[in-house]
Structure formats: structure tokens, C-alpha cells
Amino acid sequence: QVQLVESGGGLVQAGGSLRLSCIASGRTGSRYGMGWFRQAPGKEREFVAAISWSSVFTYYGDSVKGRFTISRDNAKNTVYLQMNSLKPEDTAVYYCALPPSSTATMEAYKYIYWGQGTQVTVSS
């Protein structure tokens, strides 16, 4: 079993920054990609960012490109999401997820483990 725990969410004004963290524990396997998704009330889950085990490959959703950066520290089993220039439309619950492979992927159905989520609220 794998556990994913997100942290770092909160309330921030538009234009501000937050850094989310996700720690993976349990039977993660030797190498694994990681991803971030978000879901706002009344909306479908949206891909935010993904990173491969080696950090060589990263992908971003169109709405966050140039503002968000995904990174990881494999020694700490942790993936980060640095969010800058936040907008009210970034308000959502953010989830980290783990696929059964070392690659980065944008498709939610390929992820088999999900965290409980952390709330990000951006005020205007």
C-alpha cells in the first residue's frame, strides 16, 4: 500500500505564491513518476503537472504553464509544486498522485494512488 500526504495549501491573495509538498510512503516501488491534479467545486478534475522519476521529463497543464513548477527530492520521497502568480481561478483542492511507472503522465486514469488533497484558496 502507498500513502500520499499533501501539505502547504492555504489562503493567499491573487499574485501570491504557495508551495505544495507531497510525501510518499509505503510500497511505492523503486522508481515512480508523480503528478498533481486539482478539482474546483462543480468542475471536473484537472491535470496540473507531472514529473518523471529522473526529473528529466515534466509536463504542465495549459492553465498553469509559466506559473507553476513541479520538482522532486527522491531522497525524501517528496514532490513539490511551486505555484507563483496565483489567480482566483487556481482555487481548488490539489491532489498528488502516483502512477505504477517511472514516467510522467498527464492522464488521471493512469494513476493508482491518490492523496487526500490540500485546499488552495486564492482571493481577489
Side-chain angles (χ1 to χ4, degrees):
Q1 191 68 12
V2 173
Q3 293 79 43
L4 302 174
V5 179
E6 304 96 336
S7 62
L11 175 64
V12 63
Q13 289 187 334
S17 299
L18 283 174
R19 189 177 81 154
L20 306 184
S21 300
C22 174
I23 299 176
S25 62
R27 302 181 65 178
T28 59
S30 60
R31 301 186 175 195
Y32 51 90
M34 291 288 286
W36 286 97
F37 293 79
R38 68 186 183 186
Q39 188 165 20
K43 295 188 177 181
E44 294 185 352
R45 183 171 49 192
E46 178 187 11
F47 169 74
V48 176
I51 187 168
S52 62
W53 169 257
S54 64
S55 298
V56 170
F57 299 101
T58 57
Y59 302 106
Y60 296 93
D62 289 340
S63 62
V64 306
K65 283 181 181 176
R67 300 187 297 121
F68 291 12
T69 302
I70 189 171
S71 62
R72 65 188 300 161
D73 183 339
N74 291 337
K76 296 182 179 179
N77 290 334
T78 302
V79 64
Y80 305 98
L81 184 68
Q82 178 67 44
M83 306 186 295
N84 299 328
S85 302
L86 283 162
K87 305 175 182 180
E89 50 263 44
D90 293 318
T91 295
V93 177
Y94 284 71
Y95 300 90
C96 67
L98 188 150
S101 70
S102 63
T103 59
T105 181
M106 296 181 285
E107 291 84 5
Y109 74 90
K110 293 183 179 179
Y111 290 82
I112 58 173
Y113 297 107
W114 294 80
Q116 291 300 307
T118 185
Q119 176 71 47
V120 171
T121 303
V122 184
S123 63
S124 58

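Note that the coordinates shown come from a computational prediction; the quantities given were computed from them, not determined experimentally.
- By the criterion of side-chain heavy atoms lying less than 4.5 angstrom apart, applied directly or through intervening Ile, Leu, Val, Met, Phe, Trp or Tyr residues, Leu4 is grouped together with Ile112 in one hydrophobic cluster.
- Interatomic distance, Asn77 CG to Arg72 CZ, rounded to the nearest 0.5 Å: 8.5 Å.
- Between the CG atom in Leu98 and the CE atom in Met34 there is a gap of 5.0 Å [rounded to 0.5 Å].
- A continuous path of ILVMFWY side-chain contacts below 4.5 Å connects Tyr111 to Tyr95, so both sit in one hydrophobic cluster.
- For the atom pair CG of Asp90 and OG1 of Thr121, the computed distance is 11.0 Å after rounding to the nearest 0.5 Å.
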Quick one: side chains of residues 40-47, donor-acceptor pairs under 3.5 Å with protein atoms, not counting sequence neighbours, listed by atom name and distance.
{"unit_1": "Glu46", "atom_1": "OE1", "unit_2": "Arg38", "atom_2": "NE", "d": "2.8"}
{"unit_1": "Glu46", "atom_1": "OE1", "unit_2": "Arg38", "atom_2": "NH2", "d": "3.3"}
{"unit_1": "Glu46", "atom_1": "OE2", "unit_2": "Ser63", "atom_2": "OG", "d": "2.9"}

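- Trp36 has its ring centre no less than 6.0 Å from the ring centre of Phe68.
- In the hydrophobic clustering of ILVMFWY residues, with side-chain heavy atoms under 4.5 Å counting as a link, Met83 and Tyr59 come out apart.
- Between Trp114 and Phe37, the angle of the ring planes lies from 30° to 60°, which puts this pair in the tilted group.
- Clustering of Ile, Leu, Val, Met, Phe, Trp and Tyr by side-chain heavy atoms under 4.5 Å joins Tyr109 with none of the others.
- In Gln116, the CD atom is not crowded: 12 or fewer heavy atoms of neighbouring residues, nucleotides or ligands sit closer than 6.0 Å.
- Among residues two or more places apart in sequence or in another chain, the side-chain contact (heavy atoms from CB on, under 4.5 Å) test is passed with Pro88 by Ala14, Val122, Ser124.
- Both Leu86 and Tyr60 belong to a single network of hydrophobic side chains, linked directly or stepwise wherever heavy atoms of I, L, V, M, F, W or Y lie under 4.5 Å apart.
- Ionic pairing of Asp62 and Lys65 is present here: one or more N-O contacts between side-chain nitrogen and carboxylate oxygen are shorter than 4.0 angstrom.
- The closest side-chain donor-acceptor pair between Thr78 and Asp73, if any, does not fall under 3.5 angstrom.
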Q.
As a quick check of understanding, evaluate side-chain contact (heavy atoms from CB on, under 4.5 Å) for Val120 and Leu20, giving each step before the final call.
A. CA-CA 9 Å; Val120 171; Leu20 306 184; 4.0 Å; yes

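- Of all heavy-atom pairs between Tyr94 and Glu6, the closest is O-OE2, 4.0 Å.
- Side-chain polar atoms of Thr105 and Thr103 form no donor-acceptor pair below 3.5 angstrom.
- Distance alone, capped at 3.5 Å, places no donor-acceptor pair between the Ser21 side chain and the Tyr80 backbone.
- Atom OG of Ser102 and atom CZ of Phe57 lie 10.0 Å apart (nearest 0.5 Å).
- Taking CD of Gln3 as the start and OG of Ser25 as the end, the distance is 4.5 Å to the nearest 0.5 Å.
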